[in-house]
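So that the names make sense, note that chain A is the first sequence line, chain B the second, and so on, each numbered from 1. What you see is a predicted model; the values in this text were computed from it and never measured.
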Amino acid sequence: MSKKKLIVKGVRLDGRKWNELRPIKIEGGVLPNADGSAYLEQGRNRIIVGVFGPRELHPKHLAKPHKAVLRCRYHMAPFSVDPRRSPAPSRRDTELSMVIRNALEPALFLERYPRASIDVFVEILQADGSTRCASITAASVALVDAGIPMRDLVAACSAGKIDSEVVLDLNDIEDKEGEADLPVAYMPKLGKVTLLQMDGMLSPEEFDKALNLALEGCNKIYELQREALKSRYVKQGEGRSAE
Amino acid sequence: MKRKRISTALAQGKREDGRGLMDFRKIVIKKGILEKAEGSAEVWLGDTRVIAGVKVGVGEPYQDTPNQAVLTVNAEFTPIASPTFEPGPPDETSIELARVVDRGIRSSEAIDFEKYCIIPGKAVYVIFIDICILNYAGNLIDASALAALAALQSTKVPKYVAEGGEVKPLDASEPLELRDLPIAVTVGKIDGSLIVDPTADEEDVMGTRFTVTVNQEGNICALQKSGPEGLTLEEIRKAINIALEKAPEIRKLLMES
């Protein structure tokens, strides 16, 4: 592991404090052809999510008689990272698609749509660390935008350890050079953690601190998701009354 | 039906095979069972049976880590292991399994990757761990992580020397140096109950699986939550404590085998 300073005089390389999120912008309803969609920027992450469904599932033999099937695809554009990556799905993409599905599923009422599918497609246009969390945050907004009822929004945020300090919301270099990465997804109203992974090394005490920090981040992101959804409907409402 | 039966028993602290909620099945570890692999091991966890083979060769390093050895973990769910396993390319479960095993070994820095560099930027050791599932009876992650580690313990690394920019094999080998023994402990959640070492039937009805990998110093070096249900903070804490308690017991078995 190369040793490059990631925190200088209490400030991270991108100017943040240990408990600070990167600037986040969330916008719902950005793709006309999708049933629901969302665009998210978090630092230099640029992510767009399209949701389709509930709709008839093809191929039919995959349909479940008692509930809908949730399908997720996490995909990175070839130009999203340096150097260019192959557009074919990697093993990492397959795993991330699965954990994102697992993170979203507890929020959905799949039992209401037997034989149907709900499809969530995540396209990473630019990757800058913690993309699985940003994908979940954006996908939640896109699911609401599709009018799909949910138990709660799923907000996701990472914490980690860099230069021996526990910090919030790792960017790309902090993820690569840091000592640990702990992505977390959370449903704040229900108090349920729906994604929890870690690589790197944390003592049990550091893990507690990092988990609590990530949950604080999730709570902040949850408010941003709500604002994004509210402002969209406020704007739409205003638009109609002006006609 | 199955769900109700298992869940009702668990609520009374019982499991179908008579174990307590926090009991592992019998663990058997055999190291160095194959001749053609540089390292190998077989692990039984009750009826779950897994073989890990380690092959060591020489190859090019990754561009961004020119002075580090390359580690690749792969898992194959062979069709003989269960009537529900079909031959074909790895699906998401086997990819996840391989990646969780990989993460534990990598994060614990059990292998000194820089030590296994021959010519920086040009030639490094390439270590393949291939996990082969022979019989599926639940808890493949813990069994596979254990088999991978046992296989690494039995690994003899062939020696090479750098001569004028070329890599030449020597007719000698030495044991792979392992700096840590990361142990994976998977905790399953069925309704309100937490259990360790789930059987295949228990996995069928399990809402969530949470794997905690613990290193020798009692630090956490990998986590993986999987499955369609969420976990409360209380459940996460309990699971971590279970893993911190169980990992040293399993490590002891591994060292005695």
Point to revise | Worked verdict on A/K192 versus B/L231 for side chain to side chain contact (heavy atoms under 4.5 Å, CB included) | key: CA-CA 5 Å; A/K192 285 270 172 77; B/L231 288 169; 6.0 Å; no
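Summarising the geometry of A/G200 relative to B/S107, their closest heavy-atom pair is N-OG, 2.8 Å, with the distance given to 0.1 Å. Between A/P106 and B/P228 the shortest heavy-atom distance is CG-O, 3.2 Å. Looking at every heavy atom in both residues, B/C221 comes nearest to A/M201 through CB-SD, 3.7 Å. Contact between B/Q224 and A/V99 at its shortest, heavy atoms only, is NE2-CG1, 3.7 Å. Of all the heavy atoms in B/G227 and A/N102, the pair that sits closest is N-ND2, 3.2 Å.
The contact between B/N215 and chain A is made entirely by side chain atoms (from C-beta outward), counting heavy-atom distances below 4.5 Å. In this structure, chain A has heavy atoms under 4.5 Å from both the backbone and the side chain of B/I220. Only the side chain of A/L211 comes within contact range of chain B, with heavy atoms under 4.5 Å apart. Looking at A/L215, only its side chain comes within 4.5 Å of chain B, counting heavy atoms on both sides. When heavy atoms are compared at a cutoff of 4.5 Å, A/R101 approaches chain B solely by way of its side chain, counted from C-beta outward. For A/L195, the part sitting under 4.5 Å from any heavy atom of chain B is the backbone (N, CA, C, O) and nothing else. Looking at B/R106, there are no atoms closer than 4.5 Å to chain A (heavy atoms on both sides), in backbone or side chain. For B/F113, no part sits under 4.5 Å from any heavy atom of chain A, backbone or side chain.
Interatomic distance, A/E95 CD to B/S226 OG, rounded to the nearest 0.5 Å: 8.5 Å. Summarising the geometry, atom CE belonging to A/M98 is positioned 10.0 Å from atom CD1 belonging to B/I95; distances are rounded to the nearest 0.5 Å.
For A/K64, the NZ atom is loosely surrounded, since the number of other residues' heavy atoms within 6.0 Å does not exceed 12. Other residues, nucleotides and ligands place more than 12 heavy atoms under 6.0 Å from the CD atom of A/E223. Residue-environment remark: NZ (B/K115) exceeds the threshold of 12 foreign heavy atoms within 6.0 Å.
Interface summary for chain A: among B/E96, B/Q63, B/E92, the most heavy-atom pairs under 4.5 angstrom belong to B/E92. Between chain B and the residues A/L104, A/L110, A/L196, the most heavy-atom pairs under 4.5 angstrom are made by A/L196. Between chain B and the residues A/T94, A/L70, A/V193, the largest count of heavy-atom pairs under 4.5 Å involves A/V193.
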Only pairs under 3.5 Å count here: list side-chain donor-acceptor contacts from residues 180-190 of chain A, not counting sequence neighbours, and write none if there are none.
none

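A/Q197 places none of its side-chain heavy atoms less than 4.5 Å from the side chain of B/R99.
At a heavy-atom cut-off of under 4.5 Å, chain B is reached by A/L202, A/S203, A/P204, A/F207, A/D208 from residues 202-210 of chain A, listed in order of number.
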